[in-house]
Every structure is written in structure tokens, then in C-alpha cells.
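Letters A, B, ... mirror the listed sequences (proteins, then strands); counts begin at 1. Bear in mind that the values here come from a model prediction, so they are computed numbers and not experimental data.
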Amino acid sequence: MKKLVCIVGSTGSGKTAVGIDVALALGAEILSIDSRQLYRDFIIGTAQPTAAEQAQVPHHLTNFHDAREPMTAGTFAKLARDKIKELLQSGKPTVLVGGSGLYYRAIFDGLFQGPPIDPEYREKLRDRAEQSGVPALHLELQQVDPVIAEKIQPNDYIRIERALEVFHTSGKRLSDWWQNGTDRFEFEPIYVCLRRERSDVVRRIAQRTAIMLREGWIDEVRQLLEAGYGDAIEREKFHGYREIAAYLRNELSLAETEERINIVTRQYAKRQMTWFRHTEGMHWVDVTPDDSTNKIAQRVLQIVQPILSAKSLTS
RNA sequence: GCCGCUUUAGCUCAGUUGGUAGAGCAACGGACUGAAAAUCCGUGUGUCCCCAGUUCAAGUCUGGGAGGCGGCA
């Protein structure tokens with residue numbers, strides 16, 4: 001089975017720079033696996049690759065989708081699979097770089113093969129949740145699908161919504177869909193996670209926030225708000241964009257805004273590492289503040305190249 | 001210098017008639033099957049400013065001291 005290099009890690013771990021070096025060494029192009037960089041015009045605050053970086057290696061699946069039409073893991077996985085195959089047909093291997101754990105799972109393991117989302121039903125459900133509370137919907141889920149209800153917390157609205165939605169639109173329980181398995185991809189991931197000390201991550205996040213603010217993030221948000229993306233920013237909870245929008249409404253000082261951004265970013269980094277820590281088959285690359293990008297990339301290649309060449313011997 | 005208020009978790013603060021403390025945020029750990037930068041679950045991490053006194057028992061009452069804030073000088 002063909003294998004694909006996947007460089008993962010938390011926000012601010014240095015994935016982007018390392019990914020470029022690795023892609024150059026492998027003669028590959030980069031597929032961004034990032035649930036926020038994919039949105040058009042959300043550039044500075046989502047740390048999209050810069051023009052200089054894109055000049056070194058072409059990046060795909062960034063800056064292409066209108067945020068007023070939210071992306072889903074399933075749709076993204078389809079796009080990613082198509083792009084990987086398309087690149088390969090033109091003789092280009094792909095390196096996947098990004099920190100969105102579920103998106104990797106959707107690409108490689110596949111999601112269960114059930115119905116897509118139903119926006120109208122979701123709207124109705126949301127109204128009901130506001131009226132009678134989320135646990136009431138959980139009770140309802142217990143009636144239709146006790147197996148799934150058991151696995152979902154009574155307050156976990158998003159999962160309850162999905163489970164009820166699946167039952168509503170397909171007439172089949174989510175737990176039954178799960179029984180049928182998933183549509184696995186024909187490629188297999190080689191996951192490599194960049195891991196830094198917590199204090200290093202905290203420092204780098206603060207540094208990164210300061211740089212983004214200096215480089216025009218606030219103007220970017222102002223323009224997005226003027227272009228009518230305010231609702232999308234709130235709904236999708238874009239880190240920093242919400243805080244800056246609050247700042248522009250004079251609800252936060254600049255210092256408070258920066259601190260809030262650092263906090264939500266740190267919390268996210270923590271959740272990302274919890275996910276990757278429990279990802280099967282993960283290869284770890286421990287990184288210290290002194291390591292150069294090139295050195296880190298070399299270590300990634302040391303892990304990845306033997307696996308890639310073992311594959312070519314057998315295929 | 002005098003008067004008043006104040007000092008409890010990393011931060012902001014609750015704490016009944018005395019029975020060795022708790023909430024929000026932060027932090028830490030976890031889950032994650034089409035919103036994933038989402039969503040949810042779990043954990044208290046403490047010389048209750050210090051010293052002495054009263055009391056079976058003091059965060060709580062009394063006296064003294066120290067820090068902070070405000071007012072009058």
C-alpha cells in the first residue's frame with residue numbers, strides 16, 4: 001500500500017517550515033490539513049503559508065473556500081483524496097502538513113458511510129435545544145439509539161445533534177452505520193508529530209500572536225467584518241478573529257485581546273496534543289528551542305525515508 | 001502623622017450564629033466517526049498576611065505588627 005508522509009503537531013510547533021524542507025527533499029507538494037487555513041481571506045490569523053513559502057513548494061487546500069459556507073470533515077476528505085491522486089498522476093508525491101486530527105482520520109480511516117449534514121433539521125434541533133435544554137435531546141437519543149447515547153455526554157450538543165440527524169435523515173441508527181465500517185483510503189499515513197516542551201510551545205504561541213498582530217491581523221479582521229464574515233467568525237469560533245472583533249467593538253483592550261488570543265491558542269494546542277498522543281502508529285520527533293528547521297526536517301526524513309523505500313521494494 | 005476600607009487558590013472574589021474553606025476564570029488530565037481552531041467530561045493546586053490572646057475549637061472574636069487602596073493633614 002502506498003504511504004503518505006503526514007507532519008503533525010500543535011499550533012506553533014513549526015510544522016509549516018519543517019514541512020517545506022521535507023517536501024523539498026522528497027520532491028513533493030504540500031497538502032494543508034488545516035480546518036481554518038482552508039478558508040479564503042483568513043490569512044494572517046490562521047498562519048497560512050506566505051507567498052515566499054508557496055514559492056518554495058506549492059501548497060494545496062489553503063485559502064480556497066468561502067467561510068460563509070462551512071466546510072465539513074467529510075467534504076474536506078473527498079477534496080484531499082482527489083487532490084492527492086491528481087498530484088500523483090502528474091508524478092508528484094504529496095506531503096500532508098497540518099494539525100486537524102479529525103481531518104486526517106476522515107481522509108485515511110474514512111468516516112462512517114452515512115448521510116451528509118442536513119442544515120434545516122439542524123436549525124430545528126437548535127431551537128429545541130434552546131427551549132428544552134440539551135440533556136432533553138440526549139434523553140431522546142437514548143430512546144432511538146441507546147448504544148450511541150451511552151457514548152455521548154448529556155451536554156455534548158454537537159454529537160447529540162449529529163446522532164439524531166443521522167437517524168432523522170436516514171431512518172437508521174448511527175450505531176448501525178458504524179457497524180458497516182468506513183471507506184478507507186487506498187493510501188496509508190506515516191504520522192510524524194513534532195513535540196516541544198510545554199513552556200516552549202507557550203513561548204512560541206505568544207511570539208507568534210505578537211507577530212501576527214504586528215503584521216496586520218487587525219486590518220484583516222476589519223476587512224472580513226466589512227465583507228460580512230462576522231457571523232462566520234462567531235459560528236466557527238476562529239481563534240483570535242473573535243477576540244479582535246470584540247476589540248474592534250471596544251469590548252477589550254489591545255493587551256486583553258492579545259492575552260485572550262494566547263489563552264485560546266494554548267488551550268487548542270493542548271487538545272491537539274491529546275489527540276496526537278493517542279494516535280496509533282505515531283512517530284515522535286522531540287524538538288528543542290535550539291533545533292534548526294533543517295535539523296528537524298532531517299530527523300523527520302530519517303524516520304520517513306526507510307518506510308517509503310521499503311514500500312517501493314515490495315510494490 | 002491621623003482616620004477609614006482591605007489582605008482567603010495563579011487571577012478576581014464568596015465564606016452564614018466560631019466547627020481547619022469554595023465559585024468563576026486560568027492551569028492540568030481525558031474523550032473525540034461529516035461544526036474539530038468545534039464540542040464535551042474530570043481534577044483544587046491553599047502558612048485563609050504575620051505574631052500573640054480568648055475558646056474544647058479561630059478564615060471568622062480581641063490586641064499588636066506588616067502590606068495595599070482611599071481620605072484628611
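For A:Arg235, no side-chain nitrogen or oxygen approaches OP1 or OP2 of B:A35 to under 4.0 Å. At B:A26, none of the side-chain N or O atoms of A:Arg266 fall inside 4.0 Å of OP1 or OP2 (strictly under the cut-off). Proximity of A:Thr274 to the phosphate of B:G30: a side-chain N or O atom is located under 4.0 Å from OP1 or OP2.
Judged as a side-chain hydrogen bond (donor to acceptor under 3.5 Å, both in side chains), the pairs with a partner in residues 291-305 of chain A (not counting sequence neighbours) are, in order, A:Thr288-A:Asp291, A:Asp291-A:Lys295, A:Asp291-A:Arg299.
With B:A31, B:G34, B:U33 as the candidates, the nucleotide lying closest to the side chain of A:Pro116 is B:G34. Comparing B:G34, B:A36, B:A31 by their closest approach to the side chain of A:Tyr103 singles out B:A36. For A:Gln267, whose side chain is taken as the heavy atoms from C-beta onward, the closest listed nucleotide among B:C32, B:G34, B:A26 is B:A26. Taking the side chain of A:His278 as heavy atoms from C-beta on, and the options B:G30, B:A36, B:A35, the nearest nucleotide is B:G30. When distances are taken from the side chain of A:Arg198 to each of B:C41, B:C28, B:U33, the shortest belongs to B:C28.
Annotation: B:C49 and B:U6 have their C1' atoms spaced 11 Å apart (nearest Å). Comparing the same atom, C1', in B:G19 and in B:A57 gives a spacing of 6 Å after rounding to whole Å.
Near-neighbour residues of RNA chain B inside residues 124-137 of chain A, defined by a heavy atom below 4.0 Å, are absent. Using a 4.0 Å cutoff on non-hydrogen atoms, no part of residues 202-213 of chain A comes near RNA chain B. For the segment residues 155-171 of chain A, the set of residues with a heavy atom within less than 4.0 Å of an atom of RNA chain B comprises A:Asn155, A:Asp156, A:Tyr157, A:Ile158, A:Arg159, A:Glu161, A:Arg162, in numerical order.
Cluster partners of A:Ile117 are absent, since no Ile, Leu, Val, Met, Phe, Trp or Tyr has side-chain heavy atoms less than 4.5 Å from it. Annotation for A:Ile148: hydrophobic cluster partners, listed by chain and number, are A:Phe112, A:Tyr121, A:Leu125, A:Val134, A:Leu137, A:Leu141, A:Val144, A:Ile152, A:Tyr157, A:Ile160, A:Leu164, A:Val166, A:Phe167, A:Leu174, A:Trp177, A:Trp178 (ILVMFWY side-chain heavy atoms under 4.5 Å, direct or chained). Residue A:Ile205 shares its hydrophobic cluster (ILVMFWY side chains chained together at separations under 4.5 Å) with A:Val201.
Summary of the strand contacts: A:Lys237 and A:Arg105 both lie near RNA chain B, and taking for each the nucleotide with the nearest heavy atom, the more 5' one is attributed to A:Arg105.
For A:Glu165, the salt bridge (Lys or Arg N to Asp or Glu O under 4.0 Å) partners at least two apart in sequence or on another chain are A:Arg122, A:Arg162. Evaluation of the ring pair (Phe, Tyr, Trp, His ring centres under 6.0 Å) rule for A:Phe76 yields A:Tyr103 as partners, not counting sequence neighbours. Here A:Asp66 pairs with A:Arg68, A:Tyr229 under the side-chain hydrogen bond (donor to acceptor under 3.5 Å, both in side chains) rule; sequence neighbours left out. Judged as a salt bridge (Lys or Arg N to Asp or Glu O under 4.0 Å), and not counting sequence neighbours, A:Arg126 has no contacts.
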Report the C-alpha distance between A:His59 and A:Glu53 in whole Å, list the side-chain angles of each, state the deciding distance to 0.1 Å, and finish with yes or no for side chain to side chain donor-acceptor pair (under 3.5 Å). CA-CA 9 Å; A:His59 286 63; A:Glu53 287 167 334; 5.8 Å; no

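With 3.5 Å as the limit, one finds no donor-acceptor pair spanning the side chains of A:Thr182 and A:Asp109. Of the N and O atoms on the side chains of A:Gln272 and A:Tyr268, at least one donor lies less than 3.5 Å from an acceptor on the other residue.
Consecutive Watson-Crick or G-U pairs involving RNA chain B, each under 3.5 Å on both distances, make up stems of three or more pairs at B:1-7 with B:66-72, B:10-13 with B:22-25, B:27-31 with B:39-43, B:49-53 with B:61-65.
At distances below 3.5 Å, not a single donor-acceptor pair connects side-chain atoms of A:Ser10 with backbone N or O atoms of A:Ser13. Within the 3.5 Å criterion, the main-chain N or O of A:Tyr191 finds a donor-acceptor partner in the side chain of A:His283.
Looking at heavy-atom distances under 4.0 Å, A:Gly98 makes no contact with the nucleic acid at all. Using a 4.0 Å heavy-atom criterion, one finds that A:Ile117 contacts the sugar-phosphate atoms exclusively. When heavy atoms are screened at a 4.0 angstrom cut-off, A:Phe76 is found touching no nucleic acid atom at all.
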